[in-house]
Amino acid sequence: MTSITNSKSWLALAEHQKSINSAQMRDLFNEDKDRFNHNHIQFDDFLIDFSKNRITNETLPLLVSLAREANLEQWKDKLFSGDKINFSEDRAVLHTALRNRTNTPVMADGKDVMPEINAVIDKMALFSESVRSGEWKGFTGKRIETVVNIGIGGSDLGPAMVCKALKPFGAKHISPLFVSNVDGADLAQTLEKCDPHTTLFIVASKTFTTQETMTNAFSARDWVIGHLNDSAAIRNHFVAISTNKSAVEAFGISPDNIFEFWDWVGGRYSLWSSIGLSIAIFLGIENFKQLLAGAHDIDNHFKTAPLEKNIPVILGLIGIWNINFFNFKTHAILPYDQGLSLLPSYLQQLDMESNGKFIDREGKRVCLHTGPILWGESGTNGQHAFYQLIHQGTEIVPTDFIMPIHSQYKIGKNGDEHHKILISNFIAQTQSLMLGKKEEEARNEMVVAGFPEKEVNLLASHKSFLGNRPSTSILFDKLDPKTLGRLIAIYEHKIFVQGVIWNINSFDQWGVEYGKQIASLVLPELREKSATVSFDSSTNNLINYTKKNL
Ligand code: G6Q
């Protein structure tokens, strides 16, 4: 395949970028009073405003042509129909089947996967309900009050983010906790909050071999057995989610307590599978199904909406425009919702693990920038920290502002004063990033405010803002399970769109596998008393210094 950078639309976009490189969004808004109208998409209660990006009326048609030239429509078909598009692992990519609430057959390797998916959802329903109702008892006959998910990466971030985001929908009598880091502090501090009689551990690991998860799981097992004085207690206090049944059984978890999933579910796309068990227990299975239903709505939208009106497509293309044509290499996720404070980390994995790749589908080095460095923090906290750089730094950071119109909580004056302040901050930020403030404007402001001339001369430039900084706003009515499902699926498909255009496989993760492979190289050396000499001088000395002082 010839590189996308030689395609007609790419070359046209490069020319177009040159012609608008110095255009100022504030002028574009002044010249076209309707700019918002033709640069937003509405989908039920979702409003996606992309008008504060550095685009003109010519940009989107060119970007959409690029998507067509990259065969996006055909790639969408391959995604949904179970083709093995994760060719480097010889796997289909079927997280969309997990939330296929219409139950139309989805084939993988010639077999409809829907019956198996539905059977696991039914098993999750029965189990989560028995834990919530108290029918499932701990070894000493007490009901479960704490559920600890032990997992890492894709087996942790999704459930942790969702349980935090949807806390108001959660059971009041069950605390969901998450342990991921092999740093013993993580498990130790979590266990301090747990009563062994009333704690259920979910060991979540697709492979059931991940060093961090297994180390934490073994220590948690020792803790339970140590407190309850009987290894038979494992049956009541441990369940597993894995594709590796034999390893789970070897750990001592009964086959009845294994929740299955499949190799065609990538770790970072797995919260929709049984990896979501902690979500189902905390929120209840009906809310878990609503989460699935929300994602399914976006799957349908992504499948059927014309490219020009397709939310993930437009977001993906604007991302390409910013990264590849403006060279803006990072992207900030700024949710104005405290519940979504883990969303930046969640999306960081989803995006950077999917598209942080320099080898294309033909095995050659790509000749363009791929995945952006994704980062972020909830608003308004970030405003008092890194927004300084976003407003006045030398690096331009495109941003996604995410905002529910209604809060999950009623508190303060009239029950909504906090939320009005939050909304006003979000809107003010997007406006000022776009508008900026010329030095002359800063000077005039200071003169009107009565500052002495000397101070005006000293400070006007410091108080100026270049503006023209791109942002996209994503609004919805209220953060609930269905809405969150939609939001996550929008980003999943956005990432897919970009991977298609960059001609990379968004679904493998050899960088992560490499980390797993090298994790055990140093450990034997740390256990060995004699001096280590087999590595480079820095590594040898780091090991030897540690051993000496351990
Ligand atoms: C996700 C990655 C990675 C994975 C973890 C945990 O796409 O592959 O984050 O989820 O490394 O792996 P296990 O579930 O196998 O323990």
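As the structure lists them, so they are numbered: ligands from 1, and atoms in each ligand from 1.
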Enumerate the atoms of ligand 1 whose separation from the nearest heavy atom of Ser205 is less than 4.0 angstrom.
13 (P), 14 (O), 15 (O), 16 (O)
Classify the angle between the aromatic ring planes of Phe238 and Phe201 as parallel (below 30°), tilted (30 to 60°) or perpendicular (above 60°).
parallel
Give me the nearest non-hydrogen protein atom to atom 9 (O) of ligand 1 as residue plus atom name, then the distance to 0.1 Å.
Gln349 NE2, 2.7 Å
Evaluate Glu513 for polar contact with ligand 1, using N/O atom pairs at a separation under 3.5 Å.
no
If we check side chain to side chain donor-acceptor pair (under 3.5 Å) with Lys357, which of these qualifies: Asp508, Thr370, Asn505?
Asp508
Backbone or side-chain N or O of Gly154 under 3.5 Å from ligand 1 N or O
yes
Where is the nearest protein heavy atom to atom 15 (O) of ligand 1: which residue, which atom, and how far?
Thr207 OG1, 2.6 Å
Start with the C-alpha gap between Glu492 and Arg99, add the side-chain angles, then the distance that decides, and say whether salt bridge (charged side-chain N to carboxylate O under 4.0 Å, His left out) holds.
CA-CA 13 Å; Glu492 285 180 348; Arg99 59 225 193 186; 2.7 Å; yes
Describe, in one word, how the ring planes of Phe302 and His493 are oriented to each other, choosing from parallel (under 30°), tilted (30 to 60°) and perpendicular (over 60°).
parallel
Just to confirm my output: which protein heavy-atom neighbour is closest to atom 12 (O) of ligand 1, and how far is it?
Lys516 NZ, 3.2 Å
For the residue pair Phe46 and Phe43, does the interplanar ring angle fall in the parallel (under 30°), tilted (30 to 60°) or perpendicular (over 60°) class?
perpendicular
N/O to N/O below 3.5 Å, does that happen between Thr213 and ligand 1?
no
Check the orientation of His227 and Trp223. Use parallel for under 30°, tilted for 30 to 60°, and perpendicular for over 60°.
tilted
Would a distance-only check, ignoring hydrogens and angles, find a side-chain to backbone donor-acceptor pair under 3.5 Å from Lys123 to Asp256?
yes
Nearest protein heavy atom to atom 2 (C) of ligand 1, by residue and atom, and its distance?
Glu353 OE2, 2.7 Å
Could you see which bit of Lys206 sits under 4.0 Å from ligand 1, with heavy atoms only: side chain, backbone, both or neither?
both
For the pair His95 and Phe507, name the ring-plane relationship: parallel under 30°, tilted 30 to 60°, perpendicular over 60°.
tilted
Nearest non-hydrogen protein atom to atom 5 (C) of ligand 1, with distance, is Ile152 O, 3.4 Å
Interfacing atoms of ligand 1 (cut-off 4.0 Å, heavy-atom, Gly153)
9 (O)
